[in-house]
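Throughout, protein chains are lettered first and strands after them, A, B, ... in sequence-line order, and every chain is numbered starting at 1.
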There are 2 protein chains.
Amino acid sequence: MAATIRDVAQASGVHVSTVSRAFSAPHLVNAATRNRVLAAAEDLGYRPNRAARALTTGRTHNIGLIVADISNPFFPPLIKAAQAHARRRDYHVFVADTDEDPLVEEELIQTLTKQVDGVLLCSPRLSNRAIERLGADVPFVVVNRKVRGMSTVLMDVGHGARLAVEHLVSLGHRRVALVAGPSGSWTSGEMRDAATATARESGVELVILGPNAPTELGGLAAAADVLQAGVTGVLAYNDLVAIGLIEGLYERGVRVPSDLSVIGVDDIVSGRLNRPKLTTVAMPTSAAGRTAVDLLLASVGAGDGATPALATLETNLVIRESTAPPT
Amino acid sequence: MAATIRDVAQASGVHVSTVSRAFSAPHLVNAATRNRVLAAAEDLGYRPNRAARALTTGRTHNIGLIVADISNPFFPPLIKAAQAHARRRDYHVFVADTDEDPLVEEELIQTLTKQVDGVLLCSPRLSNRAIERLGADVPFVVVNRKVRGMSTVLMDVGHGARLAVEHLVSLGHRRVALVAGPSGSWTSGEMRDAATATARESGVELVILGPNAPTELGGLAAAADVLQAGVTGVLAYNDLVAIGLIEGLYERGVRVPSDLSVIGVDDIVSGRLNRPKLTTVAMPTSAAGRTAVDLLLASVGAGDGATPALATLETNLVIRESTAPPT
DNA sequence: GACAGGTGTGCAACCGGTTGCATTAATGTG
DNA sequence: CACATTAATGCAACCGGTTGCACACCTGTC
């Protein structure tokens, strides 16, 4: 079996409490003793058992990261950044995928609660009520959703949607569509509000299509609706939808951007290599992952009394090849 | 604070041990008592603390999943499937990303070891020696690598590479290239061996280019080498490399498939929506994730004495639009 | 009616750490 | 030199569960 603190104590001729302190409160133990303990520990290949430590300290040094769909390319950079950042702070991360199902999400949160110091909820599909309720048991940081009294990381997709619509308008489009996302999505709502306002201000018509699945298939399926709507420009819920839409249009003989302009959201890598290269609203996903971890660990350290923090990250429009003046 | 087993014991008027048994050994407790306990537990919102349980049972009900790069689209479906499958078996999953760095990989394994019942190592960059050594502390299942004495899930990429080269040959290509992956990659070695053998048997020339980063950038950078090599067909290490390569060729005025044929590996989603749609060797990533979890949990249950299992999953060639006869 | 066997529960030790308090020795102060 | 501090370490309780063992009670058997 693996070495325990008692093995180390025995090997170095001190009490277990001294060994414990040698690791977690070095200033309380004599330097010479400490070196002896450390040497013995090294020798035995001792590593503190984090679960046992968690039992007394109440800190597991784990966090949970819950996303709707790991295979949606929007999430991996966020997961990657969060995980790397957490590791630097000596935290491990549980990753769980809810399959876009609020029930699974809730159950996951509950079983995870006892094992983690906090949970990162990314683009949750749960209702705000449910999130507030569950948040009583464990600190949350919510990404891409505004929940009262809870720390939040937002990517200002409303601003991005505004830029996108303005871009279409400046190219000369007069009738544009928003291909919306899932109904529970905060992002989709923000886009809708911003696009609606911008369209009104610019005096162009906006039709809203959806809800749609946030995937290529969702985009593919929306192609018919888009043609039906008689628009010349489209803002899609995300890049996957945009790519699927472009494919669906292609199958129907409609070319992007010559016949129709399409803008995505997220700036996922494959959009940069697709043809046409996607004009898109770039989302700072890696930064969001890091920021969320920072906020979470801050509120873990601070205890319940902490005021919830709000971080809003900028988005910007990246103009590539999928947009052009209408013909 | 959250309810503990003692709170439940008090509320239902029995000893803690009875509460414990009501949950983990129901047949040992009277049905009526059990119901009373369960009701009290429900009432208090009691959930057993898994960390505390792990301390005595030695089972954490957690597994670790270590991948080289979460944002490589090959992995998310595997992670997703593994995670979903584990959850069905009441296991949580730590996901960690090594950033393709063997040192990070080793350190991650060590810190994770105490917290998990087993580790899934996907496409490890560590040497076999290192893996065998670390495997003494915790059960491993290795995906996409053959390690002596260790349970393994392989995707038969050698067979896929053979099919790919045969496909190029049947189209009439006489000089083809393999754009290899990272040097530590087992997959890359398998592809090399299979491609070499197939080329010799078919009497065509094969040039091997690399090592390359397993990303679009790696493919982009390999474009010059490919042109230099004077080949008409290419088998790329994976779809990302293939997509990057196609992009690099495009920038140099070379069209796929009319001027050059390209085959990828993995069958990632974005390859199916790229233009030209990628001809590729499809990898059963979801099945691999599930199988790996099954193997891991089996060996966790069996203890050290278990004979390592080997699962080999089939790959197959999906012919789309990136391959054509040479001109 | 004594006894073997089975069932349901309690007791207490244990898992691997942490931490408040007590103890001892060394140091500083007037 | 007596006394108050401080530094270093040991002791033992505790975190939240699990589990081997003991005990009480009930049932059935000869």
Side-chain angles (χ1 to χ4, degrees), chain A residues 1-38 40-41 44-62 90 92 111-117 137-138, chain B residues 1-38 40-41 44-62 90 110-117 137-138:
Chain A
M1 267 303 108
T4 76
I5 201 173
R6 297 172 214 267
D7 299 328
V8 177
Q10 182 146 29
S12 48
V14 298
H15 195 262
V16 289
S17 56
T18 302
V19 177
S20 173
R21 283 190 275 257
F23 282 95
S24 45
H27 59 282
L28 288 180
V29 15
N30 181 290
T33 314
R34 173 152 192 267
N35 288 336
R36 227 169 59 238
V37 169
L38 260 37
L44 274 62
Y46 167 75
R47 309 221 137 207
N49 182 325
R50 303 175 132 224
R53 175 178 295 178
L55 211 47
T56 47
T57 60
R59 291 268 169 281
T60 61
H61 269 246
N62 293 147
D90 198 24
H92 289 311
T111 62
L112 228 38
T113 292
K114 283 279 185 31
Q115 291 203 275
V116 299
D117 295 340
D137 294 335
V138 62
Chain B
M1 263 306 104
T4 75
I5 200 172
R6 298 173 213 266
D7 299 328
V8 177
Q10 183 146 31
S12 50
V14 298
H15 195 262
V16 290
S17 57
T18 302
V19 178
S20 172
R21 282 189 276 256
F23 282 95
S24 46
H27 59 282
L28 288 180
V29 14
N30 181 289
T33 313
R34 174 154 191 266
N35 289 335
R36 226 170 57 239
V37 170
L38 261 35
L44 274 62
Y46 167 75
R47 308 221 138 207
N49 181 325
R50 303 176 130 218
R53 176 178 292 177
L55 211 48
T56 46
T57 60
R59 291 268 168 281
T60 61
H61 271 248
N62 293 147
D90 197 25
Q110 288 179 342
T111 62
L112 227 38
T113 293
K114 284 277 182 34
Q115 291 202 276
V116 300
D117 295 341
D137 295 334
V138 62

Please walk me through it: do A/D137 and A/T113 pass side chain to side chain donor-acceptor pair (under 3.5 Å)? CA-CA 7 Å; A/D137 294 335; A/T113 292; 5.4 Å; no
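Between B/L28 atom CG and C/dG10 atom P the separation is 13 Å, expressed in whole Å. B/H61 places its NE2 atom 20 Å from the P atom of C/dC15, with the value rounded to the nearest Å.
Between B/V37 and B/S12 the shortest heavy-atom distance is CG2-OG, 3.9 Å. The heavy-atom pair separating B/H61 from B/D117 by the smallest distance is N-OD2, 2.9 Å. Taking every heavy atom of both residues into account, B/R34 and B/A22 meet most closely at NE-O, 3.1 Å.
With salt bridges taken as basic N to acidic carboxylate O contacts below 4.0 Å, one links A/R50 and A/D90.
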Each nucleotide of nucleotides 16-26 of chain C classed B (base within 4.0 Å of a protein heavy atom), S (only sugar-phosphate) or -, in 5' to 3' order, makes BBBBB------
